[in-house]
Enquirer: 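First, the structure itself, so that you have it in front of you.
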Protein chains: 2
Amino acid sequence: MTNNEDRYEDIVSTMQEAGYRLTPQRLALVHLLAESDQHPTAAQLYAELQQQFPTTSLATVYKTLHVLCELGEVQEMHLGQDEHRYDGSDRTTHPHLICIQCHEVVDAPARLSASLVDEVAVASGYRILTHNVEFFGLCPVCQEST
Amino acid sequence: MTNNEDRYEDIVSTMQEAGYRLTPQRLALVHLLAESDQHPTAAQLYAELQQQFPTTSLATVYKTLHVLCELGEVQEMHLGQDEHRYDGSDRTTHPHLICIQCHEVVDAPARLSASLVDEVAVASGYRILTHNVEFFGLCPVCQEST
DNA sequence: TTAAGTGCAAAGGTTTTGCGAAACT
DNA sequence: AGTTTCGCAAAACCTTTGCACTTAA
């Protein structure tokens, strides 16, 4: 498991190699994504960025996020209408746990077995490139407060 | 596996028992959902409904879909920004296969093992209520045309 | 009869686009 | 120096809401 510093460097390298400019705004955004395991929304990232760059805009945040998604460095998660979150903590496909009460999102300690993916591919005729697993439930904190 | 006619009756019964009125618009929408395994969008459902009810509105479609989701008879899928689809073909949780080129969505011939779900629950402390599995790739048709 | 549902139109909220100004390489 | 990128504002888009009319039970 790579640490956050390495993750930051990885993403920056990828951007550079792909010919994208390393502007301060982008570097700050990448830092936020690599550092946090909070799976933030675009609005949350924007709010944090504003502390360093008071004049930055949501448009810039979205543009950079799209670049990172294209490069495969960030996953865009669609948890519902107006609940899009971005996961830059780990390049590899990994399941998420989502609390239906507080909307916390954390990485799940599991992987889908390769054999299951193969089975589905063979049975369906699809060429499977990636997958997405989400577990919905109550986080430990919200279970208490029920 | 229940057939489409049974599925239609099931959903209608659930609505009735829950005290919802069985209007012609609702029955027609339920019919579309039960009959098709196409995982349609709200707009697609609206377009089909208009053939029978030229004055119907998207608002009515959304309202009915929300009722059905609350009752657990329909699953709302969030595949991306402005790519929400509705699955009324099967009450039980089941994975989906999504073609990244033509955006076709079909049910995947597999289930997540209960033991995997249990493992995640124990390891995380979450009380898991449901889950969502999506495989992304190329459908047989789109593989040909590449 | 009457409370729930329909449908129109307008509002709401997130994401995208256009374009002149700024800045990275 | 030349493009990419920024950031503002406006547009676009889907979804939701308000409200008077209609209708299922």
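Letters go in sequence order (proteins before strands), and every chain restarts at 1.
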Enquirer: Are the side chain of B:Thr64 and the backbone of B:Thr60 linked by a donor-acceptor contact shorter than 3.5 Å?
Expert: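 Yes, B:Thr64 side chain to B:Thr60 backbone: donor-acceptor pair under 3.5 Å.
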Enquirer: Tell me: OH of B:Tyr86 to P of D:dC14, nearest whole Å?
Expert: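 In whole Å, D:dC14 P and B:Tyr86 OH are 12 Å from each other.
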Enquirer: Under 4.0 Å, heavy atom to any atom of DNA chain D: which of residues 35-61 of chain A qualify?
Expert: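 Of all residues in residues 35-61 of chain A, the ones placing a heavy atom under 4.0 Å from DNA chain D are A:Thr55, A:Thr56, A:Ser57, A:Ala59, A:Thr60.
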Enquirer: Round to a whole Å and report the spacing from NZ of B:Lys63 to P of D:dG18.
Expert: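 Value for this atom pair: 10 Å.
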Enquirer: Which atom pairs, donor and acceptor, lie under 3.5 Å between side-chain atoms of residues 30-37 of chain A and protein residues at least two apart or in another chain?
Expert:
residue : atom : partner : partner atom : Å
A:Ser36 : OG   : A:Gln38 : N            : 2.9

Enquirer: Output the rounded distance in Å from CZ (B:Arg85) to P (D:dC14).
Expert: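 Computing the B:Arg85:CZ to D:dC14:P distance gives 13 Å.
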Enquirer: Check each residue of residues 12-31 of chain A for a non-hydrogen atom within less than 4.0 Å of any atom in DNA chain D, then write out the ones that pass by number, or none.
Expert: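 Here the set is A:Tyr20, A:Arg21, A:Thr23, A:Gln25, A:Arg26.
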Enquirer: According to salt bridge (charged side-chain N to carboxylate O under 4.0 Å, His left out), who are the partners of A:Glu73, at least two apart in sequence or on a separate chain?
Expert: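 Once residues adjacent in sequence are excluded, the partners of A:Glu73 under the salt bridge (charged side-chain N to carboxylate O under 4.0 Å, His left out) criterion are A:Arg7, A:Arg91.
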Enquirer: Measure from CG on B:Leu65 to P on C:dT6 and round the result to the nearest Å.
Expert: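 The answer, rounded to whole Å, is 11 Å.
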Enquirer: I'd like to check the salt bridge (charged side-chain N to carboxylate O under 4.0 Å, His left out) partners of B:Arg26; sequence neighbours left out, ordered by chain and number.
Expert: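 Once residues adjacent in sequence are excluded, B:Arg26 has no partner under the salt bridge (charged side-chain N to carboxylate O under 4.0 Å, His left out) criterion.
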Enquirer: Separation of B:His66 atom NE2 from D:dC14 atom P, in whole Å?
Expert: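 Answer to the nearest Å: 15 Å.
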Enquirer: Kindly assign one of parallel, tilted or perpendicular to the pair B:His84 and B:His78, based on the angle between their ring planes and the thresholds 30° and 60°.
Expert: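 Plane angle over 60°, so perpendicular.
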Enquirer: So how far is it from A:Arg127 CZ to B:Cys139 SG, rounded to the nearest 0.5 Å?
Expert: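 Rounded to the nearest 0.5 Å, the CZ-SG separation comes to 10.5 Å.
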Enquirer: Only pairs under 3.5 Å count here: list side-chain donor-acceptor contacts from residues 41-48 of chain A, not counting sequence neighbours, and write none if there are none.
Expert:
residue : atom : partner : partner atom : Å
A:Thr41 : OG1  : A:Gln44 : N            : 3.1
A:Gln44 : OE1  : A:Thr41 : N            : 2.9
A:Tyr46 : OH   : A:Gln50 : NE2          : 2.9

Enquirer: Are B:Asn132 and B:His96 close enough that a side-chain donor and a side-chain acceptor fall under 3.5 Å?
Expert: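 Not at all, the side chains of B:Asn132 and B:His96 share no donor-acceptor pair under 3.5 Å.
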Enquirer: C:dT14 C1' sits how many Å from A:Met77 CE, rounded?
Expert: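 Going from CE in A:Met77 over to C1' in C:dT14 covers 18 Å.
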